[in-house]
Student: 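Take this structure first; my questions come after.
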Amino acid sequence: MKSAVIVFPGSNCDRDLAVAFEAATGVKPAMIWHRDTYLPADIDLIGVPGGFSYGDYLRSGAMAARSPVMQAVAQAASRGAFVLGVCNGFQVLTESGLLPGALLRNAGGHFVCRDVPLKVENAQSAFTSRYAAGETIHYPVAHHDGNYFADDATLDRLEGEGRVALRYAENINGSARNIAGILNETGNVLGMMPHPERVIEPAHGSTDGKRLFDGLVEGLMARA
Amino acid sequence: MKARIFVTLKGGVLDPQGKAIHHALEGLGFGGVNDVRAGKLIELDLADGTSDEDIDAMCRKLLANTVIENYRIEKVA
């Protein structure tokens with residue numbers, strides 16, 4: 001099972017994501033620099049980490065989305081590789097067009113950094129298969145630009161197609177319909193603002209995030 | 001040749017920065033400000049002969065996120 005974590009200048013959750021990938025897959029992920037133009041052949045799982053890529057210049061995720069490696073990520077995604085974008089990674093995925101919508105400045109204007117309750121909306125995806133639909137879990141968030149925005153038609157389509165994976169159980173940033181994480185059309189790309197990789201060991205205070213990574217590995221094993 | 005690109009949030013897209021500026025103006029005692037929307041001005045110094053199509057493509061592909069933003073191009077002689 002091959003996994004990789006993309007590293008942009010300004011990424012700061014890349015190593016946390018790598019630890020979570022390694023814990024779940026048993027294999028160290030390849031760390032891929034943003035200037036690289038290709039990923040390991042037959043890559044199964046790609047992480048687009050949190051942080052402040054390119055100092056959030058222009059818009060959060062805007063520069064990273066246009067960096068050379070993202071074309072390789074898009075190609076791998078179209079082949080069916082799993083892609084998980086967390087926080088800044090979610091912003092990069094929307095900016096690159098792999099996911100619809102955009103992430104605006106938090107409605108309250110404040111950086112929000114705390115544990116938040118999330119409702120699992122879709123437990124059918126590989127990312128959420130170890131959760132129960134309707135279950136409430138807790139992940140930490142730490143973001144300034146997490147206010148999910150899309151036009152009503154897009155939001156209706158996301159809801160209708162079961163592509164809202166996670167919803168905030170309380171309104172923390174003004175996100176449309178409290179959306180915290182969404183899937184692409186084929187269900188192999190998930191972008192989310194909360195950080196599952198920060199709650200994978202008892203020492204983290206919770207292991208709510210571990211099931212996401214374990215579910216992904218299970219999904220990959222089922223494919224093989 | 002220079003071009004100025006004005007990038008503004010679409011109507012209906014929340015602008016917390018504009019709201020904060022509005023609040024600060026009121027704090028300074030300026031009444032009569034109905035609303036504030038903040039945007040960006042990006043100045044491009046371009047090779048002569050750069051086509052309008054290219055400038056427009058720059059806006060669509062990078063300078064503005066057309067999901068949430070509008071852009072206006074002003075060419076400066």
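First the proteins, then the strands, lettered A, B, ... as listed; each starts at 1.
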Student: Please give me the minimum heavy-atom distance between A/Phe149 and B/Ile68, naming the atom from each residue.
Tutor: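 Smallest interatomic distance, heavy atoms only, reads CD2-CG2, 3.4 Å.
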Student: Going by residue number, which parts of residues 43-70 of chain A are within reach of chain B, meaning a heavy-atom gap below 4.5 Å?
Tutor: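 Listed by number, the contacting residues are A/Leu58, A/Arg59, A/Ala62, A/Met63, A/Arg66.
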Student: Sort by residue number and list every residue of residues 20-35 of chain B having at least one heavy atom under 4.5 Å from chain A.
Tutor: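 If one takes a 4.5 Å heavy-atom cut-off, no residue of residues 20-35 of chain B lies near chain A.
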Student: Tell me whether the count of non-hydrogen atoms from other residues, nucleotides or ligands lying under 6.0 Å of CZ in A/Arg15 goes above 12.
Tutor: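 12 or below, so no.
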Student: Which residues pass the salt bridge (charged side-chain N to carboxylate O under 4.0 Å, His left out) test with A/Arg79, not counting sequence neighbours?
Tutor: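 Per chain and number, A/Arg79 pairs via salt bridge (charged side-chain N to carboxylate O under 4.0 Å, His left out) with no residue.
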Student: Can you list the residues of residues 38-64 of chain B that sit under 4.5 Å from chain A, counting heavy atoms only?
Tutor: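 Residues B/Lys40, B/Ile42, B/Lys61, B/Leu62, B/Leu63, B/Ala64 are the ones that qualify, each having a heavy atom under 4.5 Å from chain A.
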Student: Please classify the contact between B/Glu69 and chain A as side chain, backbone, both or neither, with a heavy-atom cut-off of under 4.5 Å.
Tutor: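 Contact with chain A involves the side chain of B/Glu69 alone.
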Student: If you count heavy atoms of other groups shown closer than 6.0 angstrom to NZ of B/Lys2, is the number above 12?
Tutor: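 Check fails, neighbour count at 12 or below.
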Student: CD of A/Gln71: more than 12 outside heavy atoms within 6.0 angstrom?
Tutor: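 12 or below, so no.
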Student: If I take atom CG from residue A/Asn106 and atom CG from residue B/Leu14, how far apart are they, to the nearest 0.5 angstrom?
Tutor: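 So the gap between those two atoms works out to 10.0 Å.
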Student: If you look at every heavy atom in A/Ala102 and B/Asn65, which pair is closest and at what distance?
Tutor: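 Minimum heavy-atom contact is CB-ND2, 3.9 Å.
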Student: Calculate, to the nearest 0.5 Å, the distance between atoms CD and CG belonging to B/Gln17 and A/Leu104 respectively.
Tutor: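 Between B/Gln17 CD and A/Leu104 CG, I get 12.5 Å after rounding to 0.5 Å.
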